[in-house]
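What you see below is based on every heavy atom in this structure, not just the backbone, and it leaves out hydrogens, waters and symmetry mates. Per chain, numbering begins at 1; letters A, B, ... match sequence-line order. On a predicted model such as this, the values are computed, not experimentally measured, just so you know.
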Amino acid sequence: MSLPDGKRLTFPGPVAGPDIAAAIGPGLARAAIALRVDGQPRDLASVVDRDAAVAIITREMPEGLEILRHDAAHVMAEAVKELYPDTEVTFGPATDTGFYYDFARAEPFTAEDLVGIEERMREIVRRDEKIAREVWERDAAVAFFRDIGETYKAEYIGEIPRGEEISLYRQGDFVDLCAGPHLPSTGCLGQAFKLMNVAGAYWRGDPRNAQLQRIYGTAWANQRELDQYLHQLEEAERRDHRRLGRELDLFHMGEEAVGSVFWHPRGWKLYRNIEDYMRRRLDAAGYLEVKGPQLLDRSLWEASGHWENFAENMFIAESRDEKILALKPMSCPGHVLIFRNRLRSYRELPLRLAEFGSCHRNEPSGALHGLMRVRAFTQDDAHIFCMEEQITSEGIAFCELLLSIYRDFGFEEVGIKFADRPPVRTGSDEVWDRAEAALRSAVEAAGLSYTLNPGEGAFYGPKLEFYLRDALGREWQCGTFQVDFEMPGRLGASYVGEDGARHVPVMLHRAVLGSVERFIGILIEHYAGRFPLWLAPVQAVVASITSETADYAGEVARACTTAGLRVTVDTGNEKINYKVREHSLAKIPVMLVVGRREAANRSVALRRLGGKEHEALALDEAVARLKEEAAVPSPS
RNA sequence: GCUGCCGUAGCUCAGUGGUAGAGCACUCCCUUGGUAAGGGAGAGGUCGAAAGUUCAAUCCUUUCCGGCAGCACCA
């Protein structure tokens, strides 16, 4: 057999995993938990009886960790069955950070139950039960699970394709239907796991089915990694934009307007900083800003197809004359109306209509989440009306614009997914072929790599989805670029081509930030509230040491304001220690402290947020320096 | 929307079947202090809303509203 490093091992006959590992080395023999045979993960105990590419999987490897987490799910199921025998087990896979198992049980699991289950899991690990694979005949397996009252498992076996092996795994008295592979024994799991929470989940993910109780846990190769993960969770909680939004007095949300944001002065300043920046970038990139109406007549939504498909999520209003109107959930129909308001020439194309579009969508209550998912939001939306042969160049230009904007906001890593035709769609396959080809050539011409997201395109066309990675390594989908051969025709948009005939333009839907509200939520968490100077709502606070220097503090603040800096003054009756603490907690990037010395020689003591030191600077110099540092990034 | 948990002062949280407390924040007074909490006093609550049980409900029950976690959803 061949090993990953290219070496070859020869055995006289069939050989089991532990012997292969032992033949390679004693260290590996101890660390081995599973095998990979010709790319397929297998139990360590499985026998290799032919020439194959074999690799030993250890718990430190990604696929080893996945097996370990899957085992954690089984151990949890065993613990639950021991403690609550009336529970039925269903599915229990590994996740990116751990595992879960869905249980069917009349009584809800409580937080205290979790403590007991976790204790029992640790005990099962200490028992070090052997985990054995058994291959069963299909009907016998169904009968077995039916006998022991596991109806979900029995049901599921019926859906496993004929010809596939029905494998059961036995550990102690617990038997579970599972494809595997698994660890050799429960002891191999180790103790680096923790149960996290319990939540509802539908059987097979379908809301029409019974709702099960899902217990989530996290599991790692060792205690250090577990601690690190738990620490990262704490860090995420510390950065939670809902918490920082309150602490930094940026915004609040309330039951008087569920799913909508009350922007406070500082939060709105941040919002405006972003909007102003985006406006400059759009202007420079040849977009024309427009503003469409909020409330539009039902007939338009019927024509666009929204009334039929999305009425559930639209807010409907009725006027006194009994007209039915809807708050717009997106801006595209309005932009088409602007486009087709007069006769258009091919000479005008590409025509890029941009809008900070206020949209309302009646999102399900359970989906709402701070700024990340709201019912009233602003899209940095634009629609490019163009000819088919312009799709590629517009796509390239958009990708460049987007990446440059993300960089300015401090996001260097951007992932791209290509979402192609969904099962339910409008338009012929031939049109989809052209749209997908044009989009693919655009992203490839821009020199960007992407992964495929099959079947996830919009119903009217394929799209690129742009994901940015934040400081905690989390991915957020923000930008999008969609090719639409449908809606312009549907809403009657056309232009006069070079040939004098009417043509239907292609429409490119695109957004960089996506929802401005959500993007601000991401920014807050990315920066943990410590915004770069150009974004910070308040860039500096001038703090006096004694009331004697209050006048000079005011003078310093005026000098800053004149230079275009956003500053506040603190001449309050508190010690400087208190002021430093207070403004540090408010995450103001810069403090300009003025005492008797500074007032005497017209200087300031400049202190950076989080810094331990301060720097004495002439007032003019400090202002000039801050002004330079606070410069808004501009398109080069 | 579904399941579970939660809702007491602006915030973080104690607490009780006999109508409530702490710390921080806030207001005032003293203090004028050189880089992460100076001292004192005061004010602040229809205990999410409604109905029910009870002599009596913030506490028990039901419904509703809102929040959190997950599921489903995200055109």
Item checked: Identified pairing partner of C68(B), criterion: Watson-Crick or G-U wobble below 3.5 Å -> G4(B)
Notebook entry, point to check: Taking only side-chain nitrogens and oxygens of Tyr578(A), does any of them come within less than 4.0 Å of OP1 or OP2 of A25(B)?
Noted result: yes
Check: Is there side-chain contact between Pro329(A) and Phe315(A), with at least one heavy-atom pair below 4.5 Å?
Finding: no
Check: Out of U3(B), A72(B), A75(B), which has the shortest distance to the side chain of Gln211(A)?
Finding: U3(B)
Check: What integer number of Å spans the C1' atoms of A14(B) and A20(B)?
Finding: 11 Å
Check: Any side-chain N or O of Arg214(A) less than 4.0 Å from the OP1 or OP2 oxygen of G4(B)?
Finding: no
Next item on the list: Kindly point out which of G34(B), G66(B), A36(B) is positioned nearest to the side chain of Ser584(A)?
Entry: A36(B)
Margin query: Testing the 3.5 Å rule here: is there a donor-acceptor pair between the side chains of Ser299(A) and Trp301(A)?
Written below: no
Checklist line | Distance-only polar pair, side chains of Asn313(A) and Glu363(A), donor-acceptor under 3.5 Å | finding: no
Note to self: Using a distance-only criterion (donor-acceptor N/O pair, under 3.5 Å, no hydrogens), is the base of G1(B) paired with the side chain of Glu363(A)?
What the structure shows: no
Check: For the side chain of Tyr202(A) and the base of G1(B), is some donor closer than 3.5 Å to an acceptor across the two?
Finding: yes
Next item on the list: Consider only side-chain N and O atoms of Tyr216(A) and Thr95(A), and report whether a donor and an acceptor are under 3.5 Å apart.
Entry: no
Note to self: Nearest to the Ala199(A) side chain among A69(B), A72(B), U35(B), which nucleotide is it?
What the structure shows: A69(B)
